[in-house]
Protein chains: 2
Amino acid sequence: MTTTKFSRQRESIKDYLSTTKDHPTADMVYDHIKKIYPNISLGTVYRNLNFLVEQGSIIKVSYGNGSDHFDGNVLPHYHFICRNCSAIEDISMPKEAVEQFLHSADENFAGTIEASSTYFYGLCKKCSENKH
Amino acid sequence: MTTTKFSRQRESIKDYLSTTKDHPTADMVYDHIKKIYPNISLGTVYRNLNFLVEQGSIIKVSYGNGSDHFDGNVLPHYHFICRNCSAIEDISMPKEAVEQFLHSADENFAGTIEASSTYFYGLCKKCSENKH
DNA sequence: CCAATAACAATAATTATTATCAATATTACC
DNA sequence: GGTAATATTGATAATAATTATTGTTATTGG
Ligand SMILES: [Mn+2]
Ligand SMILES: [Mn+2]
Ligand SMILES: [Zn+2]
Ligand SMILES: [Zn+2]
């Protein structure tokens, strides 16, 4: 068994993700942590983000396009991506709606469904309003 | 207005995707078309795949991990990715189940949802059976 | 047929991410 | 507290997927 040692860099990354509402990319996390640990390397950020995802402390948000994003909120919820400003926002849905959807998928598939990921796209509130 | 000229390479790519049940990557399309046009370049494959997606003749299947896949079936359907053999399979769902899910998302979001993408993961029929 | 130009093949460039490795920090033990 | 073992780091090289560039070729309307 390989033990896990404390690292102030990793702690800082976890703290940042647990306090921000944003869903930053590795690069954005890097820029933020650099203010606290100016010598941190981008590789260290990637290494720790992957470590934390593995550990279940954060989640990775990868909707095909461009870089992966990271989220300190590990409670089950969905994500919306604005086609205008690229902001990522949370969507919570009633458990029944989700379960009914997943159940229907299961009914229509021959293998075993273990997980799923859904992303929503469109215009966020701000962008909807600004486009009159 | 910039006119579109015929290209036997593009036609061949479209034909291939419309006749295969697979969901090949750009590289797999390249390997296939090379048998017919040995001088075709990978850049040409990418250029035409993007063109055809833009045009709505094919769809792009990008679930975060690795390369994008392409699908000649443009009718609405979902995709399943096997965690063991990486095969991509189609899932069709009753319209009501889908609509109920999308409606619920819309109810719980302040902006405007225009589209969504869902991927299912697990073990395909074959892999489920082989792991008894 | 021929001029205009869309599309091509070859290849360089870019982007996102992972791997390598010598130096450093953390931790368990005395 | 000092020290040995090793997890983690910063720096940097490597990889993988995709896009951009450019000079050449194929298509097409006149
Ligand atoms: Mn979130
Ligand atoms: Mn399909
Ligand atoms: Zn927006
Ligand atoms: Zn399988």
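Numbers restart at 1 for each chain; the letters A, B, ... are given by sequence-line order, proteins then strands. Reckoned from all heavy atoms, side chains included, excluding hydrogens, waters and symmetry mates. What you see is a predicted model; the values in this text were computed from it and never measured.
- Rounded to a whole Å, the NZ atom of Lys34(B) is 12 Å from the P atom of dA9(C).
- Rounded to whole Å, atom P of dG10(D) lies 13 Å from atom CD1 of Ile36(A).
- Each of dT9(D), dC8(C), dA7(C) was ranked by its minimum atom distance to the side chain of Arg10(B); first place goes to dA7(C).
- The side chain of Asn39(A) contributes no N or O atom lying less than 4.0 Å from OP1 or OP2 of dT9(D).
- Distance from the side chain of Tyr46(B) is smallest for dA17(D) among the nucleotides dA17(D), dT9(D), dT18(C).
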>> Using the rule given for side-chain contact (heavy atoms from CB on, under 4.5 Å), can you reason through Lys60(B) versus Phe70(B), listing the C-alpha separation, both sets of side-chain angles and the distance that settles it, and then say yes or no?
In response: CA-CA 5 Å; Lys60(B) 188 186 279 193; Phe70(B) 296 88; 3.9 Å; yes
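- As rounded to whole Å, 13 Å separates atom C1' of dT18(C) from atom CG of Leu49(A).
- For the pair Tyr30(B) OH and dT18(D) P, the computed distance is 15 Å after rounding to whole Å.
- Contact annotation: Thr44(B) side-chain N/O to dA9(C) OP1/OP2 distance is under 4.0 Å.
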Under 3.5 Å, which N/O atoms of the protein pair with N/O atoms of nucleotides 26-29 of chain C?
from: dT26(C); atom 1: OP1; to: Arg8(A); atom 2: NE; distance (Å): 3.3
from: dT26(C); atom 1: OP1; to: Arg8(A); atom 2: NH2; distance (Å): 2.7
from: dT26(C); atom 1: OP2; to: Arg8(A); atom 2: NH2; distance (Å): 3.1
from: dT26(C); atom 1: O2; to: Lys5(A); atom 2: NZ; distance (Å): 2.9
from: dT27(C); atom 1: OP1; to: Phe6(A); atom 2: N; distance (Å): 3.1

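- Panel note: side chain Asp106(A), backbone Leu102(A); no donor-acceptor pair is recorded below 3.5 Å.
- Judged by distance alone, the side chains of His23(A) and Asp90(A) do bring a donor and an acceptor atom under 3.5 Å apart.
- For Leu42(B), the listed nucleotide lying nearest its side chain is dT18(D); candidates were dT9(D), dA9(C), dT18(D).
- A distance-only check finds no donor-acceptor pair linking the side chain of Thr20(B) to the backbone of Tyr16(B) [under 3.5 Å].
- Separation of the Phe109(B) and Phe80(A) ring centroids falls under the 6.0 Å cut-off.
- Counting to the nearest Å, the C1' atom of dA16(C) and the NZ atom of Lys60(A) are 11 Å from each other.
- For the pair Glu54(A) CD and dA7(D) C1', the interatomic distance rounds to 16 Å; values are reported in whole Å.
- Phosphate contact (OP1/OP2 of dA9(C), side-chain N/O of Gln9(B), threshold under 4.0 Å): present.
- Note on ring orientation: taking the six-membered ring where Trp is involved, the planes of Tyr119(B) and Tyr121(B) are tilted (angle from 30° to 60°).
- Between Thr25(B) and Arg47(A), it is Arg47(A) whose nearest contact on DNA chain D lies nearer the 5' terminus.
- The residue Asp68(A) sits close only to the backbone: its heavy atoms come under 4.0 Å of sugar-phosphate atoms, none of a base.
- In this structure, Ser67(B) reaches the sugar-phosphate backbone alone: every heavy-atom distance under 4.0 Å involves primed, P, OP1 or OP2 atoms, never a base.
- The cluster map of Ile, Leu, Val, Met, Phe, Trp and Tyr, joined by side-chain heavy atoms under 4.5 Å apart, puts Val74(B) and Leu52(B) in different clusters.
- The side chain of Thr3(A) has dA7(D) as its nearest neighbour among dG10(D), dA7(D), dA16(C).
- Whole-Å rounding puts the Glu11(A) CD to dA7(D) P distance at 18 Å.
- At the phosphate of dT9(D), OP1 or OP2 sits under 4.0 Å from a side-chain N or O atom of Asn48(A).
- Computed from coordinates, the Tyr37(A) OH to dT24(C) P distance equals 18 Å when rounded to whole Å.
- Listed here is the closest heavy atom pair of Phe101(B) and Ala97(A): CD1-O, 4.0 Å.
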